[in-house]
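Take a look at the structure set out below.
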Amino acid sequence: MTQRYGIIGWPLGHTLSPTLHNSGFKTLGIDAEYVAWPLEPLGLSDFMARFRDEEIQGLSVTIPHKRSVMKYLDEMTFRAKSVGAVNTVFWKDDLVWGENTDVNGLIDPLAKMRNVPKTALVLGAGGAARAAVVGLQELEVGEIIVCNRTRSKAEILGHDFNVRVVDWEKRHELAPGLILNTTPLGMSGELETLSPWEADFPRGCVVYDIVYNPLRTRLLAEAREKGCEIIEGIEMFLHQGLAQFRLWTGREYDAQAARRVLLEALS
Ligand code: ATR
């Protein structure tokens with residue numbers, strides 16, 4: 001029987017997840033399909049009952065369900081508990097589990113580097129920033145600083161994860177080895193001409209933007225021009241998806257092949 005997977009979110013809009021997973025199923029000869037399920041918040045309870053009854057094999061979970069889905073699960077991984085949000089639902093030993101592969105998305109591209117940065121500045125304090133801090137701590141990045149437009153939100157992260165908080169206005173005084181943008185600044189639309197970093201880049205700094213539309217944000221274009229190593233947001237999307245694929249199927253979808261499919265879809 002064809003296995004069923006999908007993504008729930010509201011409003012769901014355009015998502016690259018079906019492209020990624022369906023191309024993986026096809027490439028690896030897995031009899032499965034992945035669909036988009038736009039789901040209003042009020043429909044979550046019924047949907048999760050359906051998930052169990054109809055034996056849907058796995059789910060990607062996006063805004064606004066990442067926290068609310070937790071009460072419909074039997075178990076959560078350590079990472080999902082640490083972040084306090086779930087982006088992946090999977091079955092294990094007849095139990096429904098929640099995982100947060102945004103952490104993989106954020107750190108797998110960094111973990112591959114010859115020299116993982118020793119200090120990191122996380123810009124933003126939303127869900128992605130929380131996943132970033134959990135991941136950076138797993139990578140044993142020595143100093144992590146969080147900076148957010150609304151300081152009180154950064155302070156919650158500072159408190160939860162024991163990391164330093166610096167005022168948004170003072171961010172340019174810092175000289176981190178990694179600048180990681182988790183804000184929407186630079187995203188296509190009215191924020192596209194903006195950048196979360198308006199000063200010179202510290203020497204040898206790696207710049208990572210999780211915005212992937214456009215692929216080369218203003219932040220990344222400027223960082224590249226100054227000779228910084230950059231990581232594009234598509235890497236975050238790719239690696240969170242590959243980690244989901246691995247959890248659901250136990251198989252490895254080649255990152256290079258998957259990246260090619262995503263870049264083609266984006267162009
Ligand atoms: P996600 O789950 O993707 O992290 P989010 O929870 O909405 O999304 O968080 C978005 C982050 O981007 C927030 O930290 C937000 O700052 P505020 O806490 O002040 O709202 C930040 N952000 C959004 N728009 C911004 C802007 N124009 N300038 C600076 N930061 C911005």
Side-chain angles (χ1 to χ4, degrees), residues 7-17 41 60-70 79-88 98-107 109 120-137 144-161 163-174 176 178-199 207-214 217-220 222 231-241 244:
I7 179 166
I8 54 170
W10 186 266
L12 200 46
H14 181 70
T15 160
L16 281 173
S17 294
S60 306
V61 181
T62 188
I63 292 163
H65 304 306
K66 283 186 173 186
R67 287 182 66 80
S68 44
V69 76
M70 298 191 307
R79 273 186 180 173
K81 284 184 198 159
S82 308
V83 179
V86 160
N87 82 325
T88 310
E99 168 64 296
N100 193 309
T101 68
D102 288 337
V103 178
N104 298 77
L106 284 152
I107 64 169
L121 171 63
V122 177
L123 299 170
R130 285 184 79 84
V133 171
V134 167
L136 293 169
Q137 288 186 329
I144 302 168
I145 300 169
V146 178
C147 229
N148 190 50
R149 181 179 61 175
T150 310
R151 186 177 165 108
S152 57
K153 264 175 79 178
E155 273 168 1
I156 296 172
L157 253 81
H159 174 264
D160 288 355
F161 300 110
V163 294
R164 199 174 135 204
V165 173
V166 167
D167 278 346
W168 180 252
E169 291 70 26
K170 295 200 174 145
R171 65 196 185 283
H172 298 127
E173 295 168 19
L174 303 166
L178 168 72
I179 296 175
L180 171 48
N181 176 45
T182 72
T183 77
L185 292 171
M187 193 180 271
S188 80
E190 56 192 27
L191 300 176
E192 186 159 350
T193 57
L194 303 177
S195 168
W197 189 263
E198 306 269 11
V207 180
Y208 185 177
D209 198 342
I210 71 160
V211 173
Y212 67 81
N213 186 12
T217 56
R218 188 185 134 198
L219 170 67
L220 292 183
E222 290 177 354
I231 304 175
E232 290 176 335
I234 195 68
E235 296 302 313
M236 149 83 188
F237 179 81
L238 171 69
H239 287 281
Q240 64 77 33
Q244 295 185 322

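Whatever order the structure lists them in is the order used to number ligands and atoms, beginning at 1.
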Practice item. Give the ring-plane orientation class for F237 versus Y212, where under 30° counts as parallel, over 60° as perpendicular and anything between as tilted. Key: tilted

Study note, to complete from the structure: Distance filter under 4.0 Å, heavy atoms only, around ligand 1 gives G124, A125, G126, G127, A128, N148, R149, T150, K153, W168, T183, P184, L185

Exercise for review: Identify the residue among Q244, E99, R79 that makes a side chain to side chain donor-acceptor pair (under 3.5 Å) with N104.
Suggested key: R79

Review point. Side chains of V86 and N100: closer than 4.5 Å at any heavy-atom pair?
Key: no

Point to revise | L174 vs V166 side-chain heavy atoms within contact, under 4.5 Å | key: yes

Review point. Is there a side-chain contact between L219 and V207, using heavy atoms and a 4.5 Å cut-off?
Key: yes

Review point. With a 4.5 Å heavy-atom cut-off, do V133 and D160 have their side chains touching?
Key: no

